[in-house]
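What follows is a single structure, written as structure tokens, with notes after it.
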Amino acid sequence: GDAWKLKDHPKLPKGKTVAVIVLDGWGEAKPNEYNAIAVADTPVMDSLKEGAPEKWRLIKAHGNAVGLPTEDDMGNSEVGHNALGAGRIFAQGAKLVDLALASGKIYEGEGFKYVKECFEKGTLHLIGLLSDGGVHSRLDQVQLLLKGAAEHGAKRIRVHALTDGRDVLDGSSVGFMETLEKDLAKLREQGVDARVASGGGRMYVTMDRYENDWDVVKRGWDAQVLGEAPHKFKDPVEAIKKLRQEPNTSDQYLAPFVIVDDNGKSVGPILDGDAVVTFNFRADRMVMLAKALEYADFDKFDRVRVPKIHYAGMLQYDGELKLPSKYLVSPPEIDRTSGEYLVRNGVRTFACSETVKFGHVTFFWNGNRSGYFDKKLEEYVEIPSDSGITFNVKPKMKALEIAEKTRDAILSGKFDQVRVNIPNGDMVGHTGDIKATIEACKAADLGVKMILEAIEQVGGIYVVTADHGNAEDMVKRNKKGEPALDKNGNIQILTSHTCEPVPIAIGGPGLAPGVRFRKDLPTGGLANVAATFMNLHGYETPSDYEPSLIEVVDN
Ligand code: 3PG
Ligand code: CO
């Protein structure tokens, strides 16, 4: 209808092919040996920078600029792509859960009431990522939820903890588990039978995404639901400490374990009549488990036993699938995204990445919504990722394949917007392998090169940016910005994202003369990008969108 109609931009033409390239985990920081991007050979990204300040600048990608609770919150792909696609800043899951817990409203909602129906006779199971990373979950929220659940009548609680080391330092899982154990001990003193029941590393157990590897979810299912795992321990802190000593492991990849009683019996399988809450607020790595827990028809792996439970997510993870159907906190209502506007105005759209980032440029970009707006005008291409490997062994990932498909899409003339996510800086950065991350950045740069060449050929326009920092800083730093040493005097490798700004560059033969970055938006962030490329497509943006970063000067 008319509500979708965008006004023509007074100065910029329609019909140019616009490539929107998102480098995942590519922030800007001072060059030094821990800045993998600066060390890497990245001639294309370097040359874009020479266009500063008119055609290259930095934008904010963390904290309040992307709807996170505090300025200390590093950016991440979910909130980054939400902001890029939606053109506005929404209070994100982390913040919405904080508010619901602080006000107590979380306990008044339909989701909690549904879960509570099991408290009399069943066990409450909490499943999720145990860390203070603030990307998928936060430990302090889990602590409040445990306390609140007990106050609201939960008599038996089991926690199924996934260890992190990806949004936080490797090795920090021990401390998080100790903290949780203290809280559970307090609950036991108050007469609540509360314990850890199982665990495992997030990248090996449960938290796969975009259906890259269902075995990951199955391993979690076996431990959490069936109470079966290759490793059995009586004490979860002990479990983590022991399993961390296995060769080639880390918090992220810890083997699955279950906690057993004196008879060797698992203390917390999920049974008929139990309640389950997945406490991650972020969607991508919970959707697969949510399907396994909720769907009657399910063929991704043999669930063996499907308990009759009352299940709620911390949030609803997929607005289109309405999954899960019950949730404790309503997700941000990210509506009227740029993707939807452009498609409804006839802009033919192509989106591409490899599996591990595919949902970033589709699902997250479109406001946590799966599927197409108008299949006739859109094509989303997923390049299968390698599975079962850590990406430091193949740092090139599928950057070239993504770039090839995107080049072909540009040259086909069938699309007005092509958008891609090039994952290398992020996915390899998360392994903490600096050498491999340098390779990764080089591969990403080559991918950009191929896409820009195609844009050159068709007389198009490019927008190159990133969703958050990662590869530009691979070491934990102290307040002075120097590498922080641990108690043995060693540097600590940073596997996580950062709070650094990210670059944005515009250009290409189709860019109208006189287009340049405005100077009056020094604090611009990712949410300003949508209006920017909508302008480059020849449209004005809806009035509630964050302002465009560009202006057109007459010359
Ligand atoms: C992950 O899920 O891999 C990390 O927690 C965050 O990385 P992303 O935000 O770049 O996906
Ligand atoms: Co990341």
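Because the structure is a prediction, the values reported are computed rather than measured. When a ligand or atom number is given, it counts from 1 through the structure's own listing order. Note: hydrogens, waters and symmetry copies are ignored here, and every other heavy atom, side chains too, is used.
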**Prompt:** Using a distance-only test with no angle check, is there a side-chain donor-acceptor pair under 3.5 angstrom linking Glu354 and Ser385?
**Reply:** yes

**Complete:** Counting from 1 in the order shown, the ligand 1 atoms closer than 4.0 Å to a non-hydrogen atom of Lys357 are 8 (P), 10 (O), 11 (O)

**Request:** Between Met427, Met207, Arg282, flag the one that comes closest to atom 11 (O) of ligand 1 by a heavy atom.
**Result:** Arg282

**Request:** Could you list the atoms of ligand 1 found under 4.0 angstrom from a heavy atom of His136?
**Result:** 1 (C), 2 (O), 4 (C), 5 (O)

**Request:** Please identify which atoms of ligand 1 are closer than 4.0 Å to at least one heavy atom of His360.
**Result:** 11 (O)

**Prompt:** Leu549 and Arg57: side chain to side chain contact (heavy atoms under 4.5 Å, CB included), yes or no, with the steps?
**Reply:** CA-CA 10 Å; Leu549 296 167; Arg57 61 165 289 175; 3.7 Å; yes

**Request:** Assess Arg219 against Tyr204: is NZ or CZ under 6.0 Å from the centre of the six-membered ring, and within 45 degrees of the ring's axis?
**Result:** yes

**Asked** Given Ile402 and Val381, is the side chain to side chain contact (heavy atoms under 4.5 Å, CB included) satisfied, shown in steps?
**Response** CA-CA 9 Å; Ile402 295 167; Val381 173; over 6 Å; no

**Request:** List every atom of ligand 1 that sits less than 4.0 Å from any heavy atom of Asp426, numbering the atoms from 1 in the order shown and giving each element.
**Result:** 7 (O), 8 (P), 10 (O)

**Prompt:** So does Asp208 pair up with Lys218, basic N to acidic O under 4.0 Å?
**Reply:** no

**Fill in**
heavy-atom search around atom 5 (O) of ligand 1 in the protein gives Asp167 OD1, 2.7 Å

**Centroid-centroid distance, His81 to Phe363, less than 6.0 Å** = no

**Message:** Are any of the N/O atoms on Glu78, whether in the backbone or the side chain, positioned under 3.5 angstrom from an N/O atom of ligand 1?
**Reply:** no

**Prompt:** Any luck finding a side-chain donor-acceptor pair between Ser387 and Asn212 under 3.5 Å?
**Reply:** no

**Request:** Provide, to 0.1 Å, the distance between atom 1 (C) of ligand 1 and the closest protein heavy atom, together with that atom's residue and name.
**Result:** Arg202 NH2, 3.1 Å

**Message:** I'd like to know if Arg202 and Asp164 make a salt bridge, using a cut-off of under 4.0 Å between side-chain N and carboxylate O.
**Reply:** yes

**Request:** Using only heavy-atom distances, determine whether the side chains of Gln252 and Asp170 contain a donor-acceptor pair under 3.5 Å.
**Result:** no

**Fill in**
Nearest non-hydrogen protein atom to atom 6 (C) of ligand 1, with distance, is His497 CE1, 3.4 Å

**Message:** Does this structure show an ion pair linking Glu294 with Lys326, if we count only N-O contacts that are shorter than 4.0 Å?
**Reply:** no

**Message:** As a quick check of understanding, evaluate ring-ring contact (aromatic ring centres under 6.0 Å, His included) for His62 and His497, giving each step before the final call.
**Reply:** CA-CA 10 Å; His62 79 286; His497 300 168; over 10 Å; no

**Message:** Considering the Co ion (ligand 2), could you give the total of protein N/O/S atoms lying closer than 2.8 Å?
**Reply:** 4

**Message:** Whether Arg166 and Asp251 form a salt bridge (side-chain N of Lys/Arg under 4.0 Å from carboxylate O of Asp/Glu) is what I want to check.
**Reply:** no

**Asked** Who's closest to atom 8 (P) of ligand 1 heavy-atom-wise, of Ser77, Pro423, Gly425?
**Response** Ser77

**Item:** Under 4.0 Å to a heavy atom of Arg285 - the qualifying atoms of ligand 1, by number
**Value:** 1 (C), 2 (O), 3 (O)

**Request:** Name the orientation class of the two ring planes belonging to Phe298 and Phe301 (parallel below 30°, tilted from 30 to 60°, perpendicular beyond 60°).
**Result:** perpendicular

**Message:** If I apply the N/O under 3.5 Å rule, does Arg166 come out as touching ligand 1?
**Reply:** yes

**Request:** Please identify which atoms of ligand 1 are closer than 4.0 Å to at least one heavy atom of Asp24.
**Result:** 10 (O)

**Under 3.5 Å: N/O of Asn76 near N/O of ligand 1** = no

